[in-house]
Amino acid sequence: MKEYITYLYHNGKLTDIDIHFAKFITGLNKKDDPDIFLAAALVSNATGNGDAYLDLTSVAEKPLLVELEGEGTVKGPKISGWSQKLSQSPAVGRPGDFSPLILDKKNRLYLYRYWDYERKLSESIINRSREDIRGQDLILLKDGLKRLFPQNTHNDINWQMVAAYIAVFKKLCVISGGPGTGKTFTMAKILALLLELSKKKKLNILLAAPTGKAVARIAESIKHAKKTLNCRPDVVELIPSKAYTIHRMLKTISGSPYFYHNHENQLNADVVVVDEASMVDLALMSKLLSAVPFDSRLILIGDRNQLASIETGFVLGDICDRDNIHAFSGQFCKELENLTKQKIDLSNKEHKEIPGLYDCMVVLKKNYRFAGSSGIGELSHAVNSGDADKALSLIKNSHDQIVWENISKAHDLSRFLAPRVIKGYSDYLNTDDPYSALELFKKFKILCAVKIGSFGVNTVNRFIEQVLSQEGLIEPYSLTSNPWYRGRPILITRNDYNLELFNGDIGITLPVPGSNSKELYVYFSGNSGELRRFLPYRLPEHETVFAMTVHKSQGSEFENVLFILPNRDYPVLSRELFYTGITRARKNVWIWGTEEVLKATISRKIERRSGLKDALWGQPE
């Protein structure tokens, strides 16, 4: 077993952190037991890969390296003996115990802190979903709903109005929907409605998002929405346009994983709105809900079909129980219809009479950007349902918005990419005005599914620089001497609160317009549309961003997108990644890859192990 563990480490299946953690646990065990060591190393590794726990049954009596199967490899221990050993270890406790590891009755092994995150988060969500906010002025509410959410001519269900109704009466409101369904605009209307209902009482409203880029977008969207709201000017004035990253809102304590605002020192807020909630991981969401007062309204907004957070968990997907369709309760539908005349048909759906979490969630179905018959709209539906054959047919036969190119060789990628890059980036590189350059740069973006390999973002970025240099659009340079050149696009990869530059911000490198000086600055758009410039050496961690990964594109939109799939399958490829990539485009998307990789990508679904879904939807241990 010891040799097997060593082999796993040398083959990249276990990391240094996994090994050190396992040594710590076996040290507490006071006995050098390889089975305990293996369990500790594997649970550390599982958490690092995004799972909240290790399912012992998934590795018991199975080889952990598939390529070694049948070659006499040592397999994982038998589940009965393994779980018994762990239960008897002083380092392992049962749910409710305070131990480094927690083992439950379903043989799920947790690091204590992630078991605790799940417990606190699920309890907070369930408790918030059980209590309604009563005492509303129904006459004022009815008028506000009718004015802010006018009924369409087809008399269909106005799901934005349903979202507003939930936000008024529930302490928790979860609004999900794809790009173009009006999530942020709906939020602005909801805030206007809540302010109207508060009458003379001022509401403390906090707007937040997980990344700096998402913060800038929510602030910009609210600013535009405020110009069109059908309500009194004094109400519009009270809607905040300033937003914060979640870390900044909770106030990070330097050098620690904790925040100034927590369950003992909660936020001063009547309403907390979190946009791009799909990007929030288990630990951060748990800490966030602990800091939101129980009597406050919490509104989570995001796309449940989008990529999961980079860190542990798939929180929004678990909260929405994305694999299942839940109907509103009969009581909810009756009260909604009495007030709004919105009739939700429950005849073909299972529903419960007692209100629950399902009455706190709504999916916005109408897409204002992609018509149901549009290429990207149809394709996104096929991808979400995992229908790879239909998706491929739509991609190959679409004459609207989608262009497919079958590319499997690095040489062909280079040949096709060069003219596309020159056409896509010439306009911004030929302007001296930083504001115009930033706007033009948004019109075209290359997204890569992976980082490494000849089809990965690192290689593609280097190739693009070579092409643009040869074309005379950027100056020839040497990466070993000075990487800065006029037109270099920059992606910030680490938050800098002093400079107010955040992970996801994109800047363009240019000299001062009209100046004879060759000194370069990096220009960024401010929250109010103003330009901000910085000398390159002052920037926090950053990278060149002619091309970016799909993961880093979350929360962004571009007019046209070129989406490059690798020429072989990788475990990271999934339908969520594909969906996120194609829906970054507002107008057109070019998809380059092979049919085999495309089908494998759409057929694979992100499955992260989490007990949160069980705790919320009635299947606890």
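Remember, predicted model here, so these are calculated numbers, not experimental data. For the single chain, residues carry numbers from 1 onward in sequence order.
Ring geometry, Tyr358 versus His326: the interplanar angle falls under 30°, so the pair is classed parallel (tilted spans 30 to 60°).
For Tyr165 and Phe332, the distance between ring centers is under 6.0 angstrom.
The side-chain heavy atoms of Leu54 and Asn45, taken from C-beta on, include no pair separated by under 4.5 Å. With a 4.5 Å cut-off on side-chain heavy atoms, Leu379 and Gln401 do not count as touching. At a threshold of 4.5 Å between non-hydrogen side-chain atoms, the residues Leu282 and Glu311 do not count as touching. Contact of the Glu596 side chain with the Asp569 side chain is not registered, since no non-hydrogen atoms from C-beta on lie closer than 4.5 Å.
At distances below 3.5 Å, not a single donor-acceptor pair connects side-chain atoms of Arg297 with backbone N or O atoms of Leu172. With hydrogens and angles ignored, the 3.5 Å screen pairs a side-chain donor or acceptor of Ser553 with a backbone N or O of Val550. Between the side chain of Thr580 and the backbone N or O of Glu576 there is at least one donor-acceptor pair closer than 3.5 Å. When atom types are taken as modelled, the side chain of Asn158 and the backbone of Met161 share a donor-acceptor pair closer than 3.5 angstrom.
When each of Thr57, Asp614, Asp51 is checked for a side chain to side chain donor-acceptor pair (under 3.5 Å) with Arg108, only Asp614 meets the rule.
Ser241 and Lys226 share a donor-acceptor pair across their side chains, judged by distance under 3.5 Å alone.
The OH atom of Tyr579 lies 12.5 Å from the OG atom of Ser574; values are rounded to the nearest 0.5 Å.
Contact check on Arg119 versus Glu123 returns a salt bridge, with a Lys/Arg side-chain nitrogen under 4.0 Å from an Asp/Glu carboxylate oxygen. Checked for salt-bridge contact, Arg232 and Glu196 miss the test: no charged N lies under 4.0 Å from a carboxylate O. Look at Arg134 and Glu335 and you find a salt bridge, because one of the NZ, NE, NH1 or NH2 atoms lies within 4.0 Å of a carboxylate O, short of that distance. Taking a cutoff of 4.0 Å between a charged side-chain nitrogen and a carboxylate oxygen, Asp132 and Lys170 qualify as a salt bridge. Using a cut-off of 4.0 Å between Lys/Arg side-chain N and Asp/Glu carboxylate O, Lys199 and Asp137 are scored as salt-bridged.
Under the side chain to side chain contact (heavy atoms under 4.5 Å, CB included) criterion, Lys390 pairs with Ala382, Asp387, Leu394, not counting sequence neighbours. Annotation: ring-ring contact (aromatic ring centres under 6.0 Å, His included) contacts of Tyr117 (sequence neighbours excluded): Tyr114.
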